Engineer: 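Sharing a structure here in structure tokens format.
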There are 2 protein chains.
Amino acid sequence: MELKTYIVGRRQEINRALDRFLPKAKTRPATIHKAMRYTLFAGGKRLRPILAIAAAEACGGKAADALPVACAVECIHTYSLVHDDLPSMDNDDFSRGRPTAHKVFADGIAVLTGDALLTIAFEIISLVKPTRRYGPREMLHELAIAAGSRKLIAGQVADLEAEGKSVTRGELRYIHENKTAAMLAASVRLGAMSANATPRELNAVGKFGEALGLAFQVIDDILDVTQSSEKLGKSAGKDVAAQKATYPAVIGLDAARREAQRLTRRAEAALTLFGRRGRRLRELSNYLLERDY
Amino acid sequence: MELKTYIVGRRQEINRALDRFLPKAKTRPATIHKAMRYTLFAGGKRLRPILAIAAAEACGGKAADALPVACAVECIHTYSLVHDDLPSMDNDDFSRGRPTAHKVFADGIAVLTGDALLTIAFEIISLVKPTRRYGPREMLHELAIAAGSRKLIAGQVADLEAEGKSVTRGELRYIHENKTAAMLAASVRLGAMSANATPRELNAVGKFGEALGLAFQVIDDILDVTQSSEKLGKSAGKDVAAQKATYPAVIGLDAARREAQRLTRRAEAALTLFGRRGRRLRELSNYLLERDY
């Protein structure tokens with residue numbers, strides 16, 4: 001099967017599963033459930049949940065068993081976008097090609113929508129089928145740490161605090177490691193757990209996720225500088241306008257491109273252990289690098 | 001032991017346990033960990049965690065085993081206060097007698113502080129010692145449902161949407177059931193779970209928590225009308241000024257007082273099952289009703 005076909009198929013499965021896990025739009029109070037669905041079904045690429053499923057497959061597991069953790073990480077990702085877009089944070093009016101939650105609903109509802117998506121991610125974890133090595137405790141711990149104040153939220157805080165300041169390459173690395181790479185690593189690790197991965201497999205897939213997450217963020221930084229808003233589905237040049245710390249700004253465009261390639265090779269190296277079963281993860285990694293940056 | 005002595009002792013144990021569960025204030029990035037501690041150690045009454053411990057004792061359990069779930073519910077409660085105080089929500093400048101998080105830090109940091117407290121509540125659940133009947137799965141599910149979009153967040157949304165509108169008694173009840181009673185019920189149920197409660201005990205303690213939560217909220221509504229800001233530790237008359245839906249506004253002050261008493265009797269009735277072991281829960285219930293309203 002072609003990678004494109006694989007991605008489209010997985011995306012459909014993920015969307016159907018998210019639809020099942022989320023309360024119906026009419027559930028009282030309708031405002032919050034409409035808003036949760038508005039933000040979650042806004043045409044996201046589903047990169048993290050697809051990677052979670054591919055990681056499960058790399059460890060010999062089935063996609064169906066990885067779907068709950070895949071949905072949980074997508075809910076966390078969407079919550080972080082909703083809160084990140086708030087006027088008190090990045091103040092972005094467009095996300096995934098549509099007006100952001102606080103533009104469509106009120107600011108207060110957007111805060112609560114993020115809260116609700118964060119909370120339902122953990123509710124979904126409580127429904128996960130345990131494997132021999134990993135139960136709800138291990139999966140809960142993995143997700144809570146990656147989404148917490150020393151990882152995802154740490155990255156958001158450091159990013160906010162870096163605005164308008166000159167940052168070092170080390171500080172920029174800290175932001176990306178926490179804001180992007182930690183949840184990507186948790187996504188593939190949770191997928192691997194759903195497949196009862198061996199400790200070696202779990203470790204390898206985590207290293208893959210970290211390297212891929214960093215590569216992905218460097219490429220996003222580059223695309224913000226080089227692409228149009230239409231193509232990005234969000235306001236281009238936003239990072240520059242907000243004096244955001246980005247790789248092109250700190251180390252230059254050419255060095256940023258080389259860094260993205262270096263990180264992708266590191267991600268690929270982590271997949272050696274999986275042999276042929278790691279094919280989809282390898283393809284997904286290439287696909288991300290092949291974006292026109 | 002006098003109830004006052006009991007409360008002071010439990011409060012100290014809870015504060016020490018929260019201090020252990022939270023990252024140190026200097027942990028990078030320091031801003032978020034300072035803000036988490038600023039909001040969490042702002043002199044809260046620790047009502048929910050004390051009730052969780054008393055519920056564990058009513059089911060024959062030990063306070064030490066209930067401390068993690070007690071801390072988790074206090075983190076959820078504090079997160080909900082931090083987000084509720086935001087300018088886009090209730091826009092309150094004082095909470096627990098001190099300037100609110102968004103007044104001391106920036107609005108964006110206040111959003112992230114609430115997010116971090118919500119997330120760490122679930123991290124703490126992953127560390128809970130399982131009992132014969134209840135593991136991390138059951139406790140996680142209990143907390144995620146109570147804090148989610150059909151309970152705690154539903155109450156917040158309904159409360160926001162009721163501002164400036166005339167609401168029915170039924171709508172007001174819906175707000176209080178979800179905004180306050182659901183998390184109080186979850187607090188005592190989680191405490192009971194940590195004590196390996198029988199299904200009958202778990203059910204009874206949940207009914208107690210619901211009735212007490214409603215009574216507590218009705219009393220809070222009354223106090224907002226009748227007390228000074230200094231005594232409340234927050235801006236008095238705020239609900240009236242914001243045209244909030246409150247019991248005194250909807251059914252009148254006298255009827256609200258009778259409702260509070262009726263609900264407290266219902267809470268006490270739910271404790272019959274526990275006999276002498278339910279003493280502390282009974283005393284705490286009386287203590288809440290005896291507030292000068």
Side-chain angles (χ1 to χ4, degrees), chain A residues 22-23 27-29 31-33 35-36 76 79-80 83 86-90 102 106-128 130 135-145 147-150 152-158 160-161 174 178, chain B residues 22-23 27-29 31-33 35-36 76 79-80 83 86-90 102 106-128 130 135-145 147-150 152-158 160-161 174 178:
Chain A
L22 253 73
T27 304
R28 189 176 179 189
T31 313
I32 193 76
H33 298 114
M36 288 169 81
I76 297 275
Y79 125 75
S80 76
H83 279 188
L86 286 170
S88 57
M89 310 268 271
D90 278 3
H102 67 271
D107 287 4
I109 295 295
V111 172
L112 292 169
T113 302
D115 295 345
L117 289 168
L118 172 54
T119 308
I120 206 169
F122 290 109
E123 184 192 328
I124 294 170
I125 292 293
S126 79
L127 306 173
V128 166
R137 174 193 302 275
E138 287 74 24
M139 297 189 191
L140 171 56
H141 195 255
E142 180 77 30
L143 191 62
I145 293 291
S149 64
R150 283 152 295 184
L152 175 59
I153 294 171
Q156 296 278 36
V157 171
L160 266 183
E161 293 187 335
Y174 176 85
N178 290 290
Chain B
L22 252 73
T27 304
R28 187 177 181 190
T31 313
I32 192 77
H33 297 113
M36 288 169 80
I76 296 276
Y79 126 73
S80 76
H83 280 187
L86 286 170
S88 57
M89 310 267 271
D90 278 3
H102 65 272
D107 287 3
I109 295 295
V111 172
L112 292 169
T113 303
D115 294 345
L117 289 168
L118 172 55
T119 308
I120 206 170
F122 290 109
E123 184 191 330
I124 294 170
I125 292 293
S126 80
L127 306 172
V128 165
R137 173 193 301 276
E138 286 75 25
M139 298 189 192
L140 170 57
H141 195 255
E142 180 76 29
L143 190 63
I145 293 291
S149 65
R150 282 152 296 184
L152 176 59
I153 294 170
Q156 296 277 35
V157 171
L160 267 183
E161 294 187 333
Y174 176 86
N178 290 290

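Proteins get letters first, then strands, A, B, ... in listed order; numbering begins at 1 in each. Please read these numbers as outputs of a predicted model, since none were measured by experiment.
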Engineer: Which of the residues A:Gln156, A:His33, A:Glu138, A:Met36 is involved in the greatest number of heavy-atom pairs with chain B at under 4.5 angstrom?
Structural biologist: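 Counting heavy-atom pairs under 4.5 Å, the top option is A:His33.
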Engineer: Hey, what's the ring geometry for B:His83 with A:His83, parallel, tilted or perpendicular (30° and 60° as the breaks)?
Structural biologist: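 If you compare the ring of B:His83 with that of A:His83, the planes turn out perpendicular.
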Engineer: Let me know if B:His102 has heavy atoms under 4.5 Å from chain A in its side chain, its backbone, both or neither.
Structural biologist: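 When you check distances to chain A, no heavy atom of B:His102 falls under 4.5 Å.
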Engineer: By salt bridge (charged side-chain N to carboxylate O under 4.0 Å, His left out), which residues pair with A:Glu161, not counting sequence neighbours?
Structural biologist: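 Counting only residues at least two positions away or on another chain, A:Glu161 forms no salt bridge (charged side-chain N to carboxylate O under 4.0 Å, His left out).
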Engineer: Could you tell me which of B:Asp107, B:Ile109, B:Leu140 has the largest number of non-hydrogen atom pairs under 4.5 Å with chain A?
Structural biologist: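 The candidate making the most pairs under 4.5 Å is B:Leu140.
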Engineer: With a 4.5 angstrom heavy-atom cut-off, which part of B:His141 approaches chain A: side chain, backbone, both or neither?
Structural biologist: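 Its backbone and side chain both get close to chain A.
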Engineer: I'd like to verify something: which residue of A:Ile32, A:Leu112, A:Ile120 has the highest number of heavy-atom pairs under 4.5 Å with chain B?
Structural biologist: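 Most heavy-atom pairs under 4.5 Å with chain B: A:Leu112.
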Engineer: Name the option with the most non-hydrogen atom pairs under 4.5 Å to chain B; the candidates are A:Asn178, A:Val128, A:Leu86.
Structural biologist: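 The answer is A:Val128.
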Engineer: Suppose the criterion is salt bridge (charged side-chain N to carboxylate O under 4.0 Å, His left out): which pairs have a residue in residues 113-126 of chain B, not counting sequence neighbours?
Structural biologist: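 As it turns out, the salt bridge (charged side-chain N to carboxylate O under 4.0 Å, His left out) pairs with a partner in residues 113-126 of chain B, which skip direct neighbours, are A:Arg150-B:Glu123.
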Engineer: Would you say that B:Thr119 contacts A:Ser149 through its side chain, given a criterion of any heavy-atom pair below 4.5 Å between the two side chains?
Structural biologist: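 The answer is no; the side chains never approach within 4.5 Å.
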Engineer: Among B:Leu118, B:Thr27, B:Leu160, which residue has the highest count of heavy-atom pairs closer than 4.5 Å to chain A?
Structural biologist: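 If we count pairs closer than 4.5 Å to chain A, B:Leu118 comes out on top.
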Engineer: Between B:Arg137 and A:Ser126, is there a donor-acceptor pair closer than 3.5 Å when you use the side chain of the first and the backbone of the second?
Structural biologist: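 Here the side-chain-to-backbone pair exists.
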Engineer: So which part of B:Pro87 gets closer than 4.5 Å to some heavy atom of chain A, the side chain, the backbone, both or neither?
Structural biologist: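 It is neither, since no heavy atom gets under 4.5 Å.
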Engineer: Let's test your reading of the structure: which of B:Leu152, B:Leu127, B:Ile76, B:Thr113 forms the most heavy-atom pairs below 4.5 Å with chain A?
Structural biologist: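 With the most close heavy-atom pairs to chain A, the winner is B:Leu127.
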Engineer: Is B:Ala106 close to chain A through its backbone or its side chain, or both, or neither, when contacts mean heavy atoms under 4.5 Å?
Structural biologist: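 Nothing of B:Ala106, per the 4.5 Å heavy-atom cut-off to chain A.
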Engineer: Give the member of A:Gly114, A:Gly155, A:Ala154, A:Ala158 that has the highest number of heavy-atom pairs under 4.5 Å with chain B.
Structural biologist: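 Looking at each of A:Gly114, A:Gly155, A:Ala154, A:Ala158 in turn, A:Ala154 comes out on top.
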Engineer: Checking B:Met139 against chain A: side chain, backbone, both or neither under 4.5 Å from a heavy atom?
Structural biologist: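 Contact with chain A: none, neither part.
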Engineer: List the atom of A:Pro29, the atom of B:Tyr174, and the distance in Å for their closest heavy-atom pair.
Structural biologist: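 Closest pair (atom of A:Pro29, atom of B:Tyr174, distance): CD-OH, 3.4 Å.
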Engineer: Need one label for A:Ile125: side chain, backbone, both or neither, based on atoms under 4.5 Å from any heavy atom in chain B.
Structural biologist: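 Answer is both: backbone and side chain atoms of A:Ile125 are under 4.5 Å from chain B.
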